[in-house]
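Input: a single structure, listed below in structure tokens.
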Amino acid sequence: MTESDTNAEQKAPCPEALQEVIDDIDRRQRRPKHRVFEGIPEFHKDDHHYLRKFRELANGIPIHQLELDKVVSAMHLLQAQFPWFTPVIDKIFKGLLFRVANGHLEFKFDPILLVGPPGIGKTKFCRELGKSCHVHVQFQSAAGSADNKLFQGTARGWGSTYPSLPLVIFQESMVANPIVIVDEIDKLGTNRHNGNLIDTLLQFTEPESSTRWYDECLLKTCDISKINWIFTANDASEIPEALRSRLKIVHVEGPSPEHFDVVLEGVLGEFAHSLNIDPRFFHLDMEERAILKETFLTSSIRIFARLLESFLARKDDYLRRVAH
């Protein structure tokens, strides 16, 4: 091989997949960082060993940045997958696009209350929102919550001491602006501790107080203001007014009859993916489609998905028997 051949080989462009990996690493290295608190927390020998890993939050954690083409791509993807969620897609992505247009690249939207009947896909939508935007998503159910410890954490000195929920999420995800979903906020228990829980959520979502949240476990004043909050509920009237007034309320109804094929394709694809099977192997006959459509028109997506999965499970069992 001549010297010119060697130089040409060295200058050859990277394969597309490899170049995407290189570009992603480069973007991650250039991402700005957010310092959650100042100084290193002091720990005594009796403190839990796992608390020491929270020290790295003082060095700063990456802030997920927006890229115009990826924001537009994510918006179109979600509109295709969840057309009945158009109101919330518009609310979130119009704000993100406005930020990008004005040079603010941090992934951030105002706290949202997503209200709609059960079984319309609220949880799945939130999961796909994070996936399409390449942002960490954390779910936390509020249904029947009896006290505030999971959200607020516990004070130093308790045998089972642990930091507040935002700090735990920061440490697990190592990103400053994840999406946190507080599911079924309208189903809080009636225990007297719930007043404390509402107070904590108010501090989490209020722009000023969230910049100086005091964590009683780490004994540090923390800036948790970059978290993106989504609350889900079936009935907004069950949520205390103090919290409701802090949130942008978006009402979403279930899918319309014309969304049948979209929902069918989505559930079928998800089931096939869980089995590592090409969705094209699952063919539904006319009778099955008729039963599914009737269920889709009269029940929730949750019930529809269970029925479809029962059909597909029988086909998968048949395919496995044939294969062997």
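It should be emphasised that the depicted structure is a prediction, and the values quoted were computed from it without experimental measurement.
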Quick one, [X] and [Y] - any side-chain contact, counting heavy atoms below 4.5 Å?
{"X": "K220", "Y": "E38", "value": "no"}
{"X": "E216", "Y": "T161", "value": "no"}
{"X": "P163", "Y": "F54", "value": "yes"}
{"X": "F170", "Y": "P178", "value": "yes"}
{"X": "V180", "Y": "N228", "value": "no"}
{"X": "W229", "Y": "L247", "value": "no"}
{"X": "I291", "Y": "L307", "value": "yes"}

Ignoring hydrogens and angles, tell me if any N or O in the side chain of [X] forms a donor-acceptor pair with the backbone of [Y] under 3.5 Å.
{"X": "D186", "Y": "N234", "value": "yes"}
{"X": "E184", "Y": "K187", "value": "no"}
{"X": "N177", "Y": "H64", "value": "yes"}
{"X": "R246", "Y": "L202", "value": "yes"}
{"X": "W84", "Y": "I120", "value": "yes"}
{"X": "T86", "Y": "P83", "value": "yes"}
{"X": "S73", "Y": "D69", "value": "no"}
{"X": "R35", "Y": "N59", "value": "no"}
{"X": "E288", "Y": "D285", "value": "yes"}
{"X": "K122", "Y": "G116", "value": "yes"}

Grouping I, L, V, M, F, W and Y whenever their side-chain heavy atoms are under 4.5 Å apart, do [X] and [Y] come out in a common cluster?
{"X": "L219", "Y": "F37", "answer": "no"}
{"X": "L66", "Y": "I230", "answer": "yes"}
{"X": "V175", "Y": "V71", "answer": "no"}
{"X": "M174", "Y": "I224", "answer": "yes"}
{"X": "F82", "Y": "V72", "answer": "yes"}

What I want to find out is whether R244 reaches E241 closely enough, with some N-O distance under 4.0 Å, to be called a salt bridge. yes

How long is the span from the [atom1] atom in [X] to the [atom2] atom in [Y], to the nearest 0.5 Å?
{"X": "H251", "Y": "I249", "atom1": "NE2", "atom2": "CD1", "answer": "5.5 Å"}
{"X": "E67", "Y": "H134", "atom1": "CD", "atom2": "NE2", "answer": "8.5 Å"}
{"X": "L167", "Y": "C217", "atom1": "CG", "atom2": "SG", "answer": "8.5 Å"}
{"X": "I63", "Y": "H34", "atom1": "CD1", "atom2": "NE2", "answer": "6.5 Å"}
{"X": "L78", "Y": "D90", "atom1": "CG", "atom2": "CG", "answer": "11.5 Å"}
{"X": "R302", "Y": "K124", "atom1": "CZ", "atom2": "NZ", "answer": "12.5 Å"}

Side-chain donor-acceptor distances from residues 255-268 under 3.5 Å, at least two apart:
| unit_1 | atom_1 | unit_2 | atom_2 | d |
| --- | --- | --- | --- | --- |
| H259 | ND1 | S256 | N | 2.9 |
| D261 | OD1 | R289 | NH2 | 3.3 |

Say whether W213 and T221, considering side chains only, have a donor N or O and an acceptor N or O under 3.5 Å apart. no

Side chains of D183 and S141: any donor to acceptor distance under 3.5 Å? no

Looking at L201, I181, L114, which one forms a side chain to side chain contact (heavy atoms under 4.5 Å, CB included) with F231? L201

Please identify each residue that fulfils side chain to side chain contact (heavy atoms under 4.5 Å, CB included) with T211, with sequence neighbours left out. E208, D223, S225

In this structure, are over 12 heavy atoms from other groups packed under 6.0 Å from E253 atom CD? no

Name each donor-acceptor pair under 3.5 Å that joins a side chain in residues 100-110 to protein atoms two or more places apart or in another chain, with its distance.
| unit_1 | atom_1 | unit_2 | atom_2 | d |
| --- | --- | --- | --- | --- |
| N102 | ND2 | F98 | O | 2.8 |
| E106 | OE1 | K226 | NZ | 3.1 |
| K108 | NZ | I227 | O | 3.3 |

